[in-house]
Every structure is written in structure tokens, then in C-alpha cells.
**Q** 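Here's a structure for you.
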Amino acid sequence: MPRLCLILFGSPGSGKGTQAKLLKQSLGIAHISTGDMLRERVASGDEVGRAVASLMQAGELVPDETVNRLVEERIEQPDCENGFILDGYPRTVNQAKLLAELLVLRPIRTVVIHLVVDYNVIIARISGRRQCPTCGSLYGMTSSVPRVPGVCDKDGATLMVRDDDREEVVRERLRAYEQQTAPVLAYFKKSGIPCWDVPAADVAPQVIAKEIEGLVRKERGEAA
Ligand code: ADP
């Protein structure tokens, strides 16, 4: 069976992180998040970390060569033997081209999954979140609901809206995501790589993960 490269796209608030965790388990493949890898390097203070710290702090993309090199090394690790999920990569067409060159040299089956959630749903989801100013705990409207509305379960502090979760900030993050992602998705579609839009609102994460698992197994030539 060929190795699998599952490229996962999803806007902020789409549940991408949750899907990556579930799919890692069910498909038995590695989860590669470039954001996590870069944060680890910053925390360790190594050469890469020192070079990217200020860019990350400013919320800017780090240079393509840096992430490409990290990913190229990472996919050679033993836990990627069966395949891997790419989360947060590629973010630019240049990264996508380099990835395509890497993959073509290897017997790997590539599938792109785009989690699609209506932006109004995301805005309602995120702007309904509350955080405890004292301990940092996050609460939602449908999951992790506080026992007493507006009050932290742990220390009784009054919950607040995080600056990042204000509606205008969320709208701006979604706009930036769209602008960044659209050309990358278009590149994959044009290259003939299977790309699937998966509706990811109002259904339990496990149900969405099952659907993706089915699509991926079919693309990989396995019985569903
Ligand atoms: P966010 O969704 O907030 O961007 P991530 O964890 O995906 O969170 O990424 C955090 C930061 O890491 C980004 O703001 C960027 O500086 C850097 N980063 C992550 N992935 C990439 C990538 N593929 N290309 C360039 N920079 C990246």
C-alpha cells in the first residue's frame, strides 16, 4: 500500500486540529503541524528557532526554504513510514510546488482535504467563546460550557472575550486565510491531485473524521 500524504486545509475555527488528531489515530499516520514544529524550535532556542522567532511573533509567515527544509526532514522520520498529515503546510504556492517535487520522487499517494465551514457559523462559534482572565481556561457555548454562565469553574472569575476572538478580529483572520489558501488549493486542483471539500459544520467531529477516512482509503485503493 502506498504511503499517504494527507494535506489538511481548514480556516481558523473549522476544527482542523481536532480532525488531525482523530485521523492520526484512525489512519495510523503521523501528524505534522508546521506551526507546532516552529514553536518547538523557538522554545528550544536553536538556530532555526532564533531565526524565525520575531516573524512568528508578528504573525508573519516564515521563509519558504525554512519550512520546506523542516518538512523534508520530518517526513523521513520512522513514524511517517505509513504516511503523514500536513497541517498548516503548504501555505504558499511556492511551498506547494516544492512539496510536489518532493512527493514525485517518492511512492506517495497525495490527497487534499478542505474542511468547509460557513463563516457565519465560525464567527458565532468563536465570538461565543469566553476565557478566564485569571487562569486562562477557555469555555464554549456547546462544549466546555461553564457550570454557571459567565463564571470560571476553577476560580469563580468573570469570563471575558479574548481580544483574538472579537468578531472583527475573527473576520480579518478568515479573510487572510481565504486570501492565502485559495491560490494553494487552485494549484493542487490544477495539478490533478484529488481535492475534496468536506462540509464540517453541525456534525460531530467523529462523523466528519469517518467521512474523511472513507475518502482517503478509497483514494489509497483500500476497501472502505
Ligand atoms: P496560525 O493558524 O495562528 O497561523 P499555526 O500554528 O499554523 O497558527 O502557525 C503559527 C505561525 O507559524 C504562523 O503565524 C507562521 O509564522 C508560522 N508558520 C506555520 N506554518 C507555516 C508555513 N507553512 N509557512 C510559513 N510560516 C508558517
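We count ligands from 1, going down the list as the structure has it; atoms in each ligand are counted the same way. Since we're looking at a predicted model, the values are computed, not measured.
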**Q** Does D79 pair with R74 as a salt bridge, N-O distance under 4.0 Å?
**A**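 Result for this pair is yes, salt bridge flagged.
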
**Q** Once you round to the nearest 0.5 Å, how far does CG of L86 lie from CD1 of I7?
**A**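 Going from the CG atom of L86 to the CD1 atom of I7 covers 5.5 Å.
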
**Q** Could an N or O of ligand 1 be found under 3.5 Å from any N or O of Y89, whether backbone or side chain?
**A**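 N/O-N/O distance below 3.5 Å does not exist for this pair.
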
**Q** For atom 7 (O) of ligand 1, what is the nearest protein heavy atom, given as residue, atom name and distance?
**A**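 Checked against all protein heavy atoms, atom 7 (O) of ligand 1 sits closest to R91 NH2, 3.1 Å.
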
**Q** Answer side chain, backbone, both or neither: which part of V62 comes under 4.0 Å from ligand 1, heavy atoms only.
**A**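 Both parts.
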
**Q** Measure the distance from atom 27 (C) of ligand 1 to every protein heavy atom, then report the residue, atom name and distance (to 0.1 Å) of the closest one.
**A**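 Of the protein heavy atoms, L38 CD1, 3.8 Å lies nearest.
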
**Q** For residues 134-143, run the donor-acceptor check on the side chains, cut-off 3.5 Å, and write out each pair with its distance to 0.1 Å, sequence neighbours left out.
**A**
| from | atom 1 | to | atom 2 | distance (Å) |
| --- | --- | --- | --- | --- |
| S137 | OG | K154 | NZ | 2.8 |
| Y139 | OH | D153 | N | 2.9 |

**Q** Would you check the N or O atoms of G88, main chain and side chain alike, for any that come under 3.5 Å of an N or O of ligand 1?
**A**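 The answer is yes, given that G88 and ligand 1 share an N or O pair closer than 3.5 Å.
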
**Q** Kindly state if atom 3 (O) of ligand 1 has a protein heavy atom within a strict 4.0 Å cut-off, that is, under 4.0 Å?
**A**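 When distances to the protein are checked, atom 3 (O) of ligand 1 has no heavy atom within 4.0 Å.
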
**Q** Do NZ/NE/NH1/NH2 and the carboxylate oxygens of E178 and R175 come within less than 4.0 Å?
**A**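 Looking at R175 together with E178, the answer is no, because their closest N to O distance does not fall below 4.0 Å.
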
**Q** Between R173 and D164, which heavy-atom pair has the shortest distance, and what is it?
**A**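 That closest heavy-atom pairing would be NH1-O, 3.0 Å.
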
**Q** Output yes when E213 and R217 qualify as a salt bridge under the 4.0 Å nitrogen-oxygen rule, no when they do not.
**A**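 Answer for the salt bridge query: yes.
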
**Q** Considering M37, Q95, Q57, which one's heavy-atom position lies nearest to atom 24 (N) of ligand 1?
**A**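 The option holding the nearest heavy atom is Q95.
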
**Q** Please list every donor-acceptor pair under 3.5 Å in which a side-chain atom of residues 9-19 meets a protein atom from a residue at least two apart or in another chain.
**A**
| from | atom 1 | to | atom 2 | distance (Å) |
| --- | --- | --- | --- | --- |
| S14 | OG | S11 | N | 3.3 |
| S14 | OG | S11 | O | 2.7 |
| K16 | NZ | D87 | OD1 | 2.5 |
| Q19 | OE1 | A209 | N | 3.2 |
| Q19 | NE2 | P205 | O | 3.1 |

**Q** Any heavy atom of R39 closer to ligand 1 than 4.0 angstrom?
**A**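 Per 4.0 Å heavy-atom rule, R39 contacts ligand 1.
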
**Q** Which atoms of ligand 1 are found less than 4.0 Å from any heavy atom of L61?
**A**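 Here the atoms of ligand 1 in question are 25 (C), 26 (N).
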
**Q** Write out the residue and atom name of the closest protein heavy atom to atom 20 (N) of ligand 1, then the distance separating them to 0.1 Å.
**A**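 In this structure, atom 20 (N) of ligand 1 has T34 OG1, 2.8 Å as its nearest protein heavy atom.
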
**Q** Does R171 pair with E167 as a salt bridge, N-O distance under 4.0 Å?
**A**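 Salt bridge between R171 and E167, a charged N being under 4.0 Å from a carboxylate O: yes.
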
**Q** Which ligand 1 atoms does M56 reach within 4.0 Å, using its non-hydrogen atoms?
**A**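 Within the 4.0 Å cut-off of M56, ligand 1 contributes 11 (C), 12 (O), 16 (O).
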
**Q** Which atoms from ligand 1 have a heavy atom of E60 less than 4.0 Å away?
**A**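 Listed by number with element, the hits are 15 (C), 16 (O).
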
